[in-house]
Amino acid sequence: MPAVDVSGLVVRYPGDVTAVDGLSFTAEAGEVLALLGPNGAGKTTTVETLEGYKSPTSGTVRVLDLDPVADHARLTPRIGVMLQKGGVYPGIRPVEGLRLFAAFYDSPEDPAGLLDRLGLAGVARTPWRRLSGGEQQRLSLALALVGRPEVAFLDEPTAGVDVAGRQIIREVIGELRSRGTCVLLATHELDEAERVADRVVIVDHGRLLAEGTPAALMSASERTTIDFGAPPGLDVTGLSAAVGAVVVEVRPGRYSVATAPSPATVAALTAWLAEQDLALGDLRAGRQSLEDVFLRLTSDS
């Protein structure tokens, strides 16, 4: 059985609001699955249903072959839940919080070792409210992992975390994968999902839009435009003539050339900007990024 199995999930709220609309996907032990979607896509409702805090209107969900609602007491010791914000008493110190949470489990991680692994040993006795946003996020992750979960639900684990902290979190997620933990990662940070996820599920309006490895999704369709950044208000008519394709300013400082990338077109673009003594920003002319795929799918849904 998959570690997580969602089949035809429908969740409706009062007022005939459908938050999840026939969603199906699975996640395996030792797999990092990123659940992606814009605000209101149904990600949080799906995860809360998997955690046993909401009941399906129809369809089924199974976590470790258990019903998250009917088997909630049996399931909770085997999963870890990281909230994006809150859930921690503001006066508690990291070492106190981890010792408290560790007491709920039969075979927990060593709190001191977990603090050290997440770069929190130096603030182990600092009250939660005095921790930086990134330190609070890493402590929330530590609290989710202290019970050695078989499935870890992580909500925006790198939000507000600095570069060094992000690297620590990536390494910890990699370690979870290596020891067979299924990690379900809900995030808006597409570059993080591209870095750490084995597979990606993209949802919108409660429905599945696409799923697969990041590499497969990014290579599924060729890029049909050249996108770049430059100062706002370029002479797009003159630039269009120079590159031989229509150039539009899609938003201030962001431009799109309506042609498939080629060395000749990119050379003409950069030459024109150089002649005008204009700086070139981010240039996207190669493989699509996960962000490109996400924006294309969600704008069409």
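At least one donor-acceptor pair closer than 3.5 Å links the side chain of Thr213 to the backbone N or O of Ala216. At least one donor-acceptor pair closer than 3.5 Å links the side chain of Asp162 to the backbone N or O of Gly165. Lys43 places a side-chain N or O within donor-acceptor distance of the main-chain N or O of Gly37, the cut-off being under 3.5 Å. Under the 3.5 Å distance criterion, the side-chain polar atoms of Arg177 are matched with a main-chain donor or acceptor of Val196. A distance-only check finds a donor-acceptor pair linking the side chain of Glu135 to the backbone of Ser132 [under 3.5 Å]. In this structure, the side chain of Glu31 engages the main chain of Glu28 through a donor-acceptor pair within 3.5 Å. Side chain of Glu249 to backbone of Gly253: a donor-acceptor contact under 3.5 angstrom is found. Between the Arg138 side chain and the Leu118 main chain, a donor and an acceptor come within less than 3.5 Å of each other.
Between Arg254 and Phe228, the shortest heavy-atom distance links the atoms NH1-C, 3.4 Å. The two residues Thr187 and Glu189 come nearest to each other via the heavy atoms OG1-N, 2.9 Å.
Side chain to side chain, Asp5 and Thr26 fail the donor-acceptor criterion of an N or O pair below 3.5 Å. Thr237 and Ser240 share no side-chain donor-acceptor pair at under 3.5 Å. A donor-acceptor contact under 3.5 angstrom links the side chains of Asn39 and His188, judged on distance only. Inspection of the Thr45 and Tyr13 side chains reveals an N or O donor paired with an N or O acceptor under 3.5 Å.
With Val236 as the partner, the side chain to side chain contact (heavy atoms under 4.5 Å, CB included) test is satisfied by one option alone out of Val257, Val248, Val247: Val247.
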